[in-house]
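Throughout, protein chains are lettered first and strands after them, A, B, ... in sequence-line order, and every chain is numbered starting at 1. Heavy-atom basis, side chains included; hydrogens, waters and symmetry copies ignored.
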Amino acid sequence: MINDEAYDPHAIIDKWMKVWDELRVSEAHGLTGGHEDEPRSYVVSMFPYPSGDLHMGHAEVYSISDAIARYIRMQGGNVLNAIGWDSFGLPAENAALKRNLDPRDWTYANIETQAESFRRLGVSFDWRTRFHTSDPEYYRWNQWLFLRLFEAGLAYRKEAAVNWCPNDQTVLANEQVIGGHCERCGTAVVQRPLTQWFFKVVGHAQRMLDDMAQLEGKWPNEVLAIQRNWIGRSSGAHIDFKIADRDEPVRVFTTRPDTLFGAVFFVVAVDSPLADELCTADQREAFDAYRQQVAMATEIERLATDRPKTGVFIGRYASNPINGEPLPVYAADYVLAHYGTGAIMAVPAHDQRDLDFARAFDLPIRVVIDSGQPDPAATGEATDGDGRLVNSGDFNGLTISEGSEAITTRLESNGVGAAAVTYRWRDWLISRQRYWGTPIPIVHCQSCGLVPVPDDQLPVELPKSGYQLRPEGGKSPLESAEEWVSVACPRCGEPARRDTDTMDTFVDSSWYFLRYPNPNFTDGPFDPAGVQRWLPVDEYIGGREHSTGHLMYARWLTKALHDLGMLSFTEPFTKLTNQGQVIMNGKAMSKTLGNLVNLQEQISLFGPDAVRVTMVFAGPPEDDIDWADVSPTGAVKWLGRVWRLSGELPTQVEGTADVALRRNVHRLLADTTAAMEARRLNVAIARLMELTNVLRRAVDGQPGAANPAAREGAEALVQMLSCFAPFTAEEAWQRLGHEPSVCVAAWPKADPQLLVEDTATCIVQINGKVRDRLEVPADVSEDALRELVLNADKVRAALGEGGVDRVIVRAPKLVNIVPAR
RNA sequence: GCCCGGGUGGUGGAAUGGCAGACACGGCCGCCUUAAAAGCGGCUGCCGCAAGGCAUGCGGGUUCGAUCCCCGCCCCGGGCACCA
């Protein structure tokens, strides 16, 4: 027996890291083929951004994903638990500016720090997958993919607004704009137009929705709901309105074609080119003044939905295609230029916004749906209830849905409209006016236009010198790298200039999981054999905050690559688990707010295993963990208990295995396994703690430490523990007399025969309230149990004189008696 | 306004129609110790001396039986939002 030393969670780290490396316990079998008999499982956590050392949030994600990976591995799965770094991005530039160094140095130094911390946390990555998105060998393929999308018409350029800080003379990312002001200097941010690159994602909107059927039940409902919301599908009709003295009609989108007869005016977005074009000379002055006024409005004013409606008549009339009625055209800011067509038909009776406008401008209000609700003109409340069409010519009497269909059909046959669907989701703006990202592989040539850099000239590497991170006049940093920018046109050979934008880092993270199986592949972005072997990702783990960004883009790119014949599947992540945040006293931790709890400090206090156990035991993975509410001390105590227990069991067992103890062990084993399968990791740990308690009692009392059942239980406990606390489990496994590593042991299996109980506790209820408990044979018949229960003393006493109305018997677990009256 | 979650002891959380509060944290008590720490053990939802009663946000309903299913409401968190 080993007894007298104390459990030291720190002393065991280096020892086992070495053993694991030597045994290569974390490596998948056959990265690009082979071992097909072993069920493969591809586990990926959203890869880290190297902002410094690992923090509490990282520890949480990887504690969860590593427990899952280790569990599947012990169940005989061939697991690829991958790791890489999302190493392009703005913080590297900020750090470089502040400390006057190369973004590379900062980035790669942080990566090394994080890699070492991962090792010391005992995360079982297959390090052969490792790459960093800022490696030229990686972003080369980012560029290659960009060119394929460009060829397919999925990458295009158009003008869009960027956040501009007039003081710093620089473009700001959205997260650098706080309340409409520059994060660094506090100056009010303005919008500035710039021609930028987009990926055409909206064309896939319907498939993004449809393919969610594949994810239902495997992704958190919440994420699917957020994405549906974000895509914002609405269906209705396009309707063309003729405008007096203009050849082309103006198209509007409406979800309510049934209310077409209620249209009494027409509105175009004040900031749209159309408004400018339609405005007559008479109204020019008023229009310009209004447009000016709207442009001056701050972001906060613009976002307030309850401010009074404003607008201006622009002198023209539109003609209602259903009845030729003339409708005055207004410019207003409540109509958005970028949604639908930037113009609407206004139906004040049945749309609150239009009604507010109509009342402000004293325009008529015509009810065309009789919903039985009070008159909108009187109440100021537009009616949106169900009802029948009125004031609608031939269509009177139809229901809303009949009316919509009939009117749409009529418009269609007259060539002035059609059923239509629009989406709120916008095309993906991928241009960034930044240095530390993937250069866009396009050359601008005066005679040839946009010329793709030929594949064999990739990668277009970032210049290592001769650039400024924040050049004068707000140019892109790459624009300042004069030597780098000047290039011969690949097509005509004349002097030309490189594109100076870099790609959004979400491009990098939209396909990294495809490259992990063969990160050194040189014939394409990913090795088809490796993709065939491992993709799609079986277990994807990461934060909910990526619902509308990363996850959308990764899903989209997968579909685009599928369409290009490069992938056989359409969804990249079969199963998604969200983990919550680690907070402290109710406050989130972040770079700006400061890390209230330091991971390395926690590790040095409690050891890596206890930190991991605390993370996982705190609650369901998706819930936030308030570090003030949890107890790493408790985790250390438990691990110490397991460690001591493992040293108290003699290698020589005596006697026959105690059946009662074995039953207990196997029941807890089965319960733990079920919890692991359901990914209810906090419950699995609770069951392991119970098992620890059971074994402690068995060792201290009956049947004693030498009984084979005690050893059997301890071995199972330690094997299962290795998913959560690998260092401690190894040490305990060794103390139990095993080598070389618990990581190569299998997950223990519960013996089904031991799970069958001879007797059961029957709950006796009267009127649903528990009145007694009886030990009964597990196979007791319903009739026998009914007799048994009705004759029990407590039941007779409780029932007294009155008879019994009915008896519900659920043998052997429960009997519920309903007394007469 | 629309769309998702959620509300259980002092705390984190268990229980998805059948013993509410598993497992922990915290607290109290005991053993061990010269003492402390560690360790081990006991108690710990509320009211009540007890018998017993009351308890899963509130109010209804379904059911022999509801934390769980249904309806209405309140509160908290999240997403979208002048999106036609």
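- Looking at every heavy atom in both residues, A:I12 comes nearest to A:P9 through CG1-O, 3.6 Å.
- When distances run from any side-chain atom of A:I344 to the nucleotides B:A15, B:C19, B:A84, the shortest one goes to B:A84.
- Of the candidate nucleotides B:G79, B:C82, B:C64, B:G79 has the atom lying nearest to any side-chain atom of A:N229.
- If you take atom P in B:C23 and the same atom in B:G42, they sit 11 Å apart, rounded to whole Å.
- Of the candidates B:A14, B:A84, B:C23, the closest approach to any side-chain atom of A:N682 belongs to B:A14.
- Nucleotides B:U8 and B:C54 have their C1' atoms positioned 15 Å apart, rounded to a whole Å.
- If you take atom P in B:G18 and the same atom in B:C69, they sit 11 Å apart, rounded to whole Å.
- In this structure, CG of A:L688 is placed 11 Å from P of B:A24, rounded to the nearest angstrom.
- With a 3.5 Å ceiling on both atom-pair distances, the Watson-Crick or G-U wobble partner of B:G77 is B:C4.
- Closest to the side chain of A:E222, from the set B:C64, B:G78, B:A84, is B:G78.
- The side chain of A:A225 has B:C4 as its nearest neighbour among B:C4, B:C64, B:U11.
- Here the C1' atom of nucleotide B:C4 and the CH2 atom of A:W219 are 16 Å apart, to the nearest Å.
- With both pairing distances under 3.5 Å, B:C43 is matched to B:G27 as a Watson-Crick or G-U wobble pair.
- Of the candidates B:C82, B:A20, B:C64, the closest approach to any side-chain atom of A:Y334 belongs to B:C82.
- Classification of B:G9 as syn follows from a glycosidic angle within 90° of 0.
- Using a 4.0 Å heavy-atom cutoff across all strands shown, A:V335 reaches at least one base atom of the nucleic acid.
- Taking a pair to require two hydrogen-bonding distances under 3.5 Å in either a Watson-Crick or a G-U wobble arrangement, B:U56 remains unpaired.
- To the nearest 0.5 Å, atoms OG (A:S234) and CZ (A:F253) are separated by 4.0 Å.
- Side-chain atoms of A:S234 lie closest to B:A84 of the nucleotides B:A84, B:C4, B:G13.
- Comparing A:A337 and A:A618 along RNA chain B, the residue whose closest nucleotide (by nearest heavy atom) sits nearer the 5' end is A:A618.
- Counting any heavy atom pair closer than 4.0 Å across all strands shown, A:Q765 reaches a base atom.
- If you check B:A22 for Watson-Crick or wobble pairing at under 3.5 angstrom, you find it has no partner at all.
- Among the heavy atoms of the strands lying under 4.0 Å from A:I763 is at least one base atom, whether or not backbone atoms are also near.
- OP1 or OP2 of B:C54 sits under 4.0 Å from a side-chain N or O of A:K769.
- Distance noted for atom P between B:G45 and B:A50: 14 Å (whole Å).
- At whole-Å resolution of the value, CG in A:N578 and C1' in B:C4 are 13 Å apart.
- Under the Watson-Crick or G-U wobble criterion, with both distances below 3.5 Å, B:G9 is left unpaired in every strand shown.
- Within the 4.5 Å cutoff, no side-chain heavy atoms of A:I763 are placed close to those of A:R810.
- Of the candidates B:C40, B:C82, B:A14, the closest approach to any side-chain atom of A:R696 belongs to B:C40.
- Atom C1' of B:C19 sits at a distance of 43 Å from the matching atom of B:C2, rounded to the whole Å.
- Taking atom P in both B:C47 and B:A36, the straight-line distance is 32 Å, to the nearest Å.
- Map A:G232 and A:M689 each onto its nearest nucleotide of RNA chain B; the residue landing nearer the 5' end is A:M689.
- Nucleotide B:C25 holds its P atom 12 Å from the CH2 atom of A:W638, rounded to whole Å.
- Under the Watson-Crick or G-U wobble criterion, with both distances below 3.5 Å, B:C69 is paired with B:G61.
- The base of B:G1 is not paired with the side chain of A:Q352 by any donor and acceptor separated by under 3.5 Å.
- The side-chain contact (heavy atoms from CB on, under 4.5 Å) test with A:Y334 singles out one residue from A:V270, A:T310, A:D354, and that residue is A:D354.
- No engagement by A:P220 is indicated, since no non-hydrogen atom pair under 4.0 Å with the nucleic acid exists.
- For the pair A:R424 and A:W230, the NZ or CZ position fails the cation-pi test of under 6.0 Å to the six-membered ring centre and within 45 degrees of the ring normal.
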Decide salt bridge (charged side-chain N to carboxylate O under 4.0 Å, His left out) for A:R696 and A:E648; before the verdict, give the C-alpha distance in whole Å, the side-chain angles of both, and the deciding distance to 0.1 Å. CA-CA 10 Å; A:R696 181 79 258 162; A:E648 290 174 35; 2.6 Å; yes

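- Because its NZ or CZ atom is not both nearer than 6.0 Å to the ring centre of A:F357 and within 45° of the ring axis, A:K309 does not count as a cation-pi partner of that residue.
- Between the base of B:C82 and the side chain of A:K309 there is a donor-acceptor pair shorter than 3.5 Å.
- Under the 4.5 Å side-chain criterion, counting only non-hydrogen atoms from C-beta, A:L721 is in contact with A:W638.
- Between the CD atom of A:E775 and the P atom of B:C19 there is a distance of 16 Å, given to the nearest Å.
- At the heavy-atom level, A:F617 lies under 4.0 Å from base atoms of the strands shown.
- Between A:L681 atom CG and B:A14 atom P the separation is 12 Å, expressed in whole Å.
- Under the Watson-Crick and G-U wobble criteria, each requiring two contacts below 3.5 Å, nucleotide B:A50 is left unpaired.
- Counting atom types as modelled, A:R424 pairs no side-chain N or O with a base atom of B:A81 as donor and acceptor under 3.5 Å.
- For B:G39 and B:C25, the P atoms lie 10 Å apart once the distance is rounded to whole Å.
- When each of B:G5, B:C40, B:A22 is scored by its nearest atom to the side-chain atoms of A:E690, the top-ranked nucleotide is B:A22.
- Interface remark: the A:R773 side chain does form a donor-acceptor pair with the B:C19 base, using a distance-only criterion of under 3.5 Å.
- Rounded to whole Å, the distance from CG on A:L355 to C1' on B:C82 is 14 Å.
- B:G59 and B:G7 are spaced 16 Å apart, taking the C1' atom of each and rounding to whole Å.
- Checking the phosphate oxygens (OP1, OP2) of B:C64, a side-chain nitrogen or oxygen of A:R806 falls inside 4.0 Å.
- Between the side chain of A:N816 and the base of B:C64, a donor-acceptor pair under 3.5 Å is found.
- Contact annotation for A:R426: no contact, since no heavy-atom pair falls under 4.0 Å across all strands.
- Residue contacts shown for A:D623 are limited to sugar-phosphate atoms, with no base heavy atom under 4.0 Å away.
- With ring centers used as reference points, A:F266 lies 6.0 Å or more from A:Y330.
- Between A:K637 atom NZ and B:G41 atom P the separation is 11 Å, expressed in whole Å.
- Applying the 6.0 Å contact sphere to CD of A:E405 captures no more than 12 heavy atoms from other residues, nucleotides or ligands.
- Using a 4.0 Å heavy-atom cutoff across all strands shown, A:N693 reaches sugar-phosphate atoms only and no base atom.
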